[in-house]
Protein chains: 2
Amino acid sequence: MTESKRLHNDAADLKSLALALGLSQSTISRALRAHPGIPEATRRRVVAAADAAGYRPNARARSLATGRTETIGLVFPLQRLQLPETNFVDVLAGISTAVTARNYNLLLSPFEDDEAGVLRKLASSKSVDGVIITRPLVRDPRIALLNALRLPFVVHGRTEAQEPFSFVDTDNDNAFERLTNLLLDYGHRHIVVINGLAQFRYVAARAAAFERAFAARGLAAPLDAIEFVSMTEATGYETAMRRLADPEPPTAFLCGSVFQARGVYRALAQHGLAVGRDISVACHDDGVRGCSAMDLSPPLTATATSIRGAGEEIALILIDLIERKATAPVQKILPFELVLRNSVGLAKPSA
Amino acid sequence: MTESKRLHNDAADLKSLALALGLSQSTISRALRAHPGIPEATRRRVVAAADAAGYRPNARARSLATGRTETIGLVFPLQRLQLPETNFVDVLAGISTAVTARNYNLLLSPFEDDEAGVLRKLASSKSVDGVIITRPLVRDPRIALLNALRLPFVVHGRTEAQEPFSFVDTDNDNAFERLTNLLLDYGHRHIVVINGLAQFRYVAARAAAFERAFAARGLAAPLDAIEFVSMTEATGYETAMRRLADPEPPTAFLCGSVFQARGVYRALAQHGLAVGRDISVACHDDGVRGCSAMDLSPPLTATATSIRGAGEEIALILIDLIERKATAPVQKILPFELVLRNSVGLAKPSA
DNA sequence: CTGAAAGCGCTAACAT
DNA sequence: ATGTTAGCGCTTTCAG
């Protein structure tokens, strides 16, 4: 009977529990949330009855009363789920882990073009306690919007904003400086950087880091060193093929992602060039599932970070912000590790 | 002022609108939802005021009143987001597309081990109007549970259940029969099937289809023809290596997924066997992003379906069920297309 | 320690 | 055509 009642989902609400136990709704409510001032005995009695009835608070009613939903939103372009080469799923995996651990819900909010509209809607319909946004532009209008909406948020990545905001980002700047220095140490001067699309902040940061490394040695980075292209195997391949046809081809490639590096490897193979001996390749590796720098042959020297870990951090910080465990904006830059493998060798003397 | 009010999210609720317009809350509410009986003139006036104020109904309050959330849940093992080789993301992409089109929300509900608990919670906390579950077992207890909970649901995949339920599935049975027939037509008799794990219905169905194809010609499928292993490149490789070491190795491999087929290709390359000439390979291709039968070399003969399309269908059906546009359970089996490429050739006469 | 009552913001009968 | 009223199921003062 109890079982069938639970399964049939029949109004296991506070009112019926109160009736059955001869207590008031508020006592039940307090007992269930272990409020101070409820004697252990009644608390136990109430919890037992609630369990037996399969009671769970109605999330909507509770959140109407409390003003919180215990749900965070992830706002992203629908397209990011459709591309074969994306690190989005890894971020999502991290977020899911954190959300599960903290007992929050995750609302997926894909958009086709009107992201601001989605954000406004999430804020005013009060469906979430906070949101995660990704891939910030160099100057990103979403920051101001979200601050104005007073909706807690965390950005995956940094941006140049006047106002304060929380973010988690990989240490792209230093990673690229480190990679550039490595190549410089090996005697490379004619390096081609296969970077991402210029509108993103991290891409600009990487470009700057590259030039900084040269400047620090009193060198000037070669003109046209940096290619601003998308992060796919295909573009990596095409770009490498194009630059290998230069009158004076580079002695090293520095890639923004393992996807691009794969394409570069393919181009080099096609030119009969041995990676590490004839030409060097290094890249940044976000730890995307199934696309590791380690698995290329030869294994690829890379700065390694965990994009999934980043996703986890992002969600944890957002939840802290929501619960006011964090009060000021949290800005976290995740470390990387330089992993030396066999894809980098001494620069051959140029012809 | 209006703008700042909107941005600051200040109580743009029905009450304040009613006050400002000198109308009652219910009139505003009706006008906004274009109820019959509201004159066009007032409707326009109300809508204009609401727009100006940036009003959106509070989703929680609305759903508490209506009993619906316009949200569907996707319940899945957290792990499925972590594996490199998974078709889950493609299903998710399809679901996201449908949900966006129908103006629903998508609640992601990963679980670590207690799926039934998550389902119970979603049902009794009333956070979603319905759920999608995936990867049914041969006999799956979730069906009975969800029916008892009276929570609308759609399964991705079929199962043997007494009671009615809605599902969307690929036509695995006929796809595998077709593939088997193709190999038989080419004279293959000693075929090894690299199937999935036996607990899943579709795996059992594929095994049955394979044997049916043999039986239809008065042949008996070879003993030990079917390998029940996981769907990864690594297992494809290992299984192929093992079977190639048989005293009498197979003349063809039939794989359950492109992932496995990739592994098989690698094993064959290692044995110096030319696919299509020395040995044949065919597989089923779900249209997973970045893992297409078309992109292997030689391109792989396969039965092709769109797993993303399946995701889309699933969500659309669930929403129809919720909105009672569909009343009886909907059971949809998606077609496949046999795509002939160059990985299948005539069987070599056995030694 | 416990209960009564108000209220979260909306919808939907039920008036008028 | 519009307003009044009563919930939806919970939390939270405020009394006792």
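Below, read A as the first sequence line, B as the second, and so on, with proteins coming before strands; counting in each chain starts at 1.
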Between [N] ([atom2]) and [X] ([atom1]): distance, integer Å:
| X | N | atom1 | atom2 | answer |
| --- | --- | --- | --- | --- |
| B/Ile28 | C/dA12 | CD1 | C1' | 16 Å |
| A/Leu32 | D/dG9 | CG | C1' | 13 Å |
| A/Arg30 | D/dT11 | CZ | C1' | 9 Å |
| B/Arg68 | C/dA12 | CZ | C1' | 13 Å |
| B/Lys15 | D/dT4 | NZ | P | 14 Å |
| B/Arg43 | D/dA1 | CZ | P | 15 Å |
| B/Gln25 | C/dC14 | CD | P | 20 Å |
| A/Lys126 | C/dC10 | NZ | C1' | 13 Å |

Among [options], which nucleotide has an atom closest to any side-chain atom of [X]?
| X | options | answer |
| --- | --- | --- |
| B/Ser24 | D/dT2, D/dC10, C/dC10 | D/dT2 |
| B/Leu23 | D/dT2, D/dT13, C/dC1 | D/dT2 |
| A/Leu64 | C/dC8, D/dC10, C/dC14 | C/dC8 |
| B/Thr42 | D/dT2, C/dT11, C/dG9 | D/dT2 |
| A/Asn58 | C/dC14, C/dA4, D/dG9 | D/dG9 |

Does a distance-only test, which skips hydrogens and angles, find a donor-acceptor pair under 3.5 Å between the side chain of [X] and the base of [N]?
| X | N | value |
| --- | --- | --- |
| B/Arg56 | C/dG9 | no |
| B/Thr27 | D/dA1 | no |
| B/Ser26 | D/dT4 | yes |
| A/Arg60 | D/dT11 | no |

- Message: I want to check something: taking the side chain as every heavy atom from C-beta on, are B/Asp129 and B/Pro152 in contact at a cut-off of under 4.5 Å?
- Response: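 A side-chain contact is absent here, since even the closest heavy-atom pair is not under 4.5 Å.
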- Closest-nucleotide ordering on DNA chain C, the 5'-leading residue of A/Ile38 and B/Leu14: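 Nearest nucleotide further toward 5': that of A/Ile38.
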- Item | Which residue lies more 5' along DNA chain C, comparing B/Arg33 with A/Gly37 via nearest heavy atoms |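 Between the two, 5'-proximity favours A/Gly37.
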- Message: Could you check whether B/Asp169 pairs with B/Arg158 (Lys NZ or Arg NE/NH1/NH2 to Asp/Glu carboxylate O, under 4.0 Å)?
- Response: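 Here B/Asp169 pairs with B/Arg158 in a salt bridge, since their nearest N and O are under 4.0 Å apart.
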- Query: So what does A/Ser63 touch, heavy atoms closer than 4.0 Å: a base, only the sugar-phosphate, or nothing?
  - Reply: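 No contact.
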- Report yes or no: does A/Ser124 contribute a side-chain atom to a donor-acceptor pair with the main-chain N or O of A/Arg120 at less than 3.5 Å?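 Answer holds: yes.
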- Query: So, is A/Arg62 close to the D/dG9 phosphate, meaning a side-chain N or O under 4.0 Å from OP1 or OP2?
  - Reply: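 Looking at the OP1 and OP2 atoms of D/dG9, neither is under 4.0 Å from any side-chain N or O of A/Arg62.
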- Message: To the nearest 0.5 Å, what is the distance between OG1 on A/Thr170 and NZ on A/Lys332?
- Response: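 So the OG1 of A/Thr170 and the NZ of A/Lys332 are separated by 12.5 Å.
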N/O donor-acceptor pairs under 3.5 Å from side chains in residues 109-117 of chain B, not counting sequence neighbours:
residue, atom, partner, partner atom, Å
B/Asp114, OD1, B/Gly117, N, 2.9
B/Glu115, OE1, B/Arg142, NH1, 3.2
B/Glu115, OE2, B/Arg142, NH1, 2.8

